[in-house]
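Residue numbers begin at 1 in each chain, while the letters A, B, ... track the order of the sequences.
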There are 2 protein chains.
Amino acid sequence: MEYQEAKDKFISTWGSLGSLWGINKAMAQIQSLLFISTKPLSMEEIMDELKISRGNTSMNLRQLMDWGIVTKELIPGERKEFFTTEKDVQELARHIAKERSRREIKPVIKTLKEVSSIKDDGTEKTKELIKQTKALHDLAETADAMMNKIVNQEQNWITKSLLKLIK
Amino acid sequence: MEYQEAKDKFISTWGSLGSLWGINKAMAQIQSLLFISTKPLSMEEIMDELKISRGNTSMNLRQLMDWGIVTKELIPGERKEFFTTEKDVQELARHIAKERSRREIKPVIKTLKEVSSIKDDGTEKTKELIKQTKALHDLAETADAMMNKIVNQEQNWITKSLLKLIK
DNA sequence: CTAAACTTTCAATAATTATTGAAAGTTTGT
DNA sequence: ACAAACTTTCAATAATTATTGAAAGTTTAG
């Protein structure tokens, strides 16, 4: 497999995986492209490489910046803006996990809390709803906490401890 | 909040979360409904509750069975089929994690392996592609392994160990 | 201040994905 | 073997989501 083929394969695979971490295809592809680029890229270059429109590129770059995984790079002497992505996979994972938690998981946990806290009127169906949503709430909260801890500051020692445990 | 409101809220919240674990809205809603039901439900009942068509219900029930989280229940004396979902959240999480890994994560890991194994032609861009995809490969593999271990057999002791570590 | 260089916005459109419903298929009781 | 009861399939359609491109907006150099 040659460079170009490998590059295309990476971008399209990683791009289609976007759904897994909750972003759209173009967004994921732009990030992929920057991730393997040896230098910051301009909007022009991104559009050309991915064959997407200017508007699309602009909007998705903004979203990537909102996620905190792409930053503007100002290159001296250049009028246009250049972009880079976080290159360290650990940092990348940290940002992604944090955003997903904030945007999607936390709100769901909140709803589960509300639903599982309704008054028990003694009927079987109410008891079941409370019991099941409470179980889901606890699971979601534990999973979210684990996610964040693993991926955060204590990253190093905890990951090492964990790897010892599971290997 | 009354039972009906809480129930609707749960179904719509959990349903919209479907994207997080890679399934569509109807599928997630059917699963939610079964999850808080005190008894197995027929297709008729599911259609009525969720206001979706027969065809839609049939297709999504099949997918849920493919995922291994819904099963047919044959009720003696009844002609029609009834359905139940896995009620234990731990088991549910196990099935979901396993399927996601198999369907989406493993294939991506495989591609990352391929891409990161191309011949190093000595150019900077090839080196970068190899380096970055290798880092991603290792991360994905570790994350996937952790996921599966946590959620699998060793569940109890490892979860307890882990909880001690992160609390 | 003005014009060129560049970026953003957003209504229109295209692409994708989900849903319907009716016909075809299957199973079961008599 | 037949017909009623039920389920599945799938082409048509609807709903949703992504993308375009041109006009409006912004910044900078001279």
Side-chain angles (χ1 to χ4, degrees), chain A residues 11-34 40-67 70-85 103-104, chain B residues 11-34 40-67 70-85 103-104:
Chain A
I11 291 174
S12 91
T13 304
W14 203 243
S16 71
L17 195 70
S19 68
L20 202 142
W21 40 295
I23 67 175
N24 74 28
K25 203 181 69 179
M27 218 175 132
Q29 289 186 338
I30 293 172
Q31 199 277 329
S32 308
L33 183 62
L34 294 173
L41 299 179
S42 67
M43 235 171 75
E44 213 70 26
E45 291 170 304
I46 296 170
M47 290 167 55
D48 281 7
E49 284 268 10
L50 302 179
K51 309 272 182 269
I52 59 179
S53 71
R54 187 175 296 283
N56 201 1
T57 308
S58 170
M59 285 172 120
N60 284 110
L61 275 170
R62 176 132 67 89
Q63 285 203 75
L64 284 164
M65 290 187 281
D66 287 349
W67 271 73
V70 162
T71 46
K72 268 186 193 159
E73 196 94 347
L74 291 181
I75 294 188
E78 286 278 10
R79 181 102 167 233
K80 51 165 101 67
E81 300 173 322
F82 288 78
F83 301 89
T84 41
T85 190
R103 293 169 194 237
E104 302 188 83
Chain B
I11 291 173
S12 91
T13 303
W14 203 241
S16 71
L17 196 68
S19 68
L20 201 142
W21 41 295
I23 68 175
N24 74 28
K25 203 181 67 176
M27 219 174 131
Q29 289 186 339
I30 292 172
Q31 199 277 329
S32 308
L33 183 63
L34 293 173
L41 300 180
S42 67
M43 236 172 74
E44 212 70 26
E45 292 170 305
I46 295 170
M47 291 167 55
D48 280 5
E49 285 267 10
L50 302 179
K51 309 274 182 266
I52 58 179
S53 72
R54 187 176 298 284
N56 200 2
T57 308
S58 170
M59 286 171 119
N60 285 109
L61 275 170
R62 176 133 67 89
Q63 286 203 73
L64 284 164
M65 289 187 282
D66 287 349
W67 272 72
V70 162
T71 47
K72 268 185 193 159
E73 196 93 346
L74 291 180
I75 294 189
E78 286 276 9
R79 182 105 167 231
K80 50 167 100 68
E81 299 172 323
F82 288 78
F83 301 88
T84 41
T85 189
R103 293 169 194 234
E104 301 188 82

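- When rounded to the nearest whole Å, the span between CE of A/Met43 and C1' of D/dT27 equals 15 Å.
- Remark: A/Gln63 CD to A/Ile30 CD1 distance equals 9.5 Å, nearest 0.5 Å.
- When rounded to the nearest whole Å, the span between NZ of A/Lys80 and P of D/dA29 equals 14 Å.
- Distance CD (B/Glu78) to P (C/dT27): 19 Å, rounded to an integer number of Å.
- Here the CE atom belonging to A/Met43 is positioned 8.5 Å from the CD atom belonging to A/Glu81, to the nearest 0.5 angstrom.
- Regarding A/Lys72, its NZ atom lies at a distance of 10 Å from the C1' atom of C/dT8, rounded to whole Å.
- Evaluation of atom-type donor-acceptor distances gives a pair under 3.5 Å for the side chain of A/Arg79 against the base of D/dT27.
- Residues from residues 48-61 of chain A that place a heavy atom under 4.0 Å from any atom of DNA chain D, listed by number: A/Lys51, A/Ile52, A/Ser53, A/Gly55, A/Asn56.
- When distances are taken from the side chain of A/Glu81 to each of C/dT7, D/dA4, D/dA29, the shortest belongs to C/dT7.
- At whole-Å resolution of the value, CG in A/Leu74 and P in C/dT7 are 11 Å apart.
- Between the side chains of B/Glu45 and B/Ser42, at least one donor N or O sits under 3.5 Å from an acceptor N or O.
- Counting to the nearest Å, the C1' atom of C/dT7 and the CD1 atom of A/Ile30 are 14 Å from each other.
- By the 4.5 Å heavy-atom criterion applied to side chains, B/Gln31 and B/Trp67 are not counted as neighbours.
- The distance from atom NZ of A/Lys72 to atom OG1 of A/Thr84, rounded to the nearest 0.5 Å, is 12.0 Å.
- Nearest heavy atom pair, residue A/Leu41 against residue A/Ile46, reads CB-CG1, 4.0 Å.
- Nucleic acid contact class of B/Glu44 (heavy atoms, under 4.0 Å, all strands): none.
- For A/Ile46 and D/dT19, the CD1 to C1' distance is 16 Å, given to the nearest whole Å.
- Across all strands shown, D/dG21 forms a Watson-Crick or G-U wobble pair, both distances under 3.5 Å, with C/dC10.
- Regarding B/Leu64, its CG atom lies at a distance of 13 Å from the P atom of C/dA18, rounded to whole Å.
- When atom types are taken as modelled, the side chain of A/Ser32 and the backbone of A/Ala28 share a donor-acceptor pair closer than 3.5 angstrom.
- Minimum atom distance to the side chain of A/Asn24 is reached by D/dT19, of the listed D/dT19, D/dC6, C/dA5.
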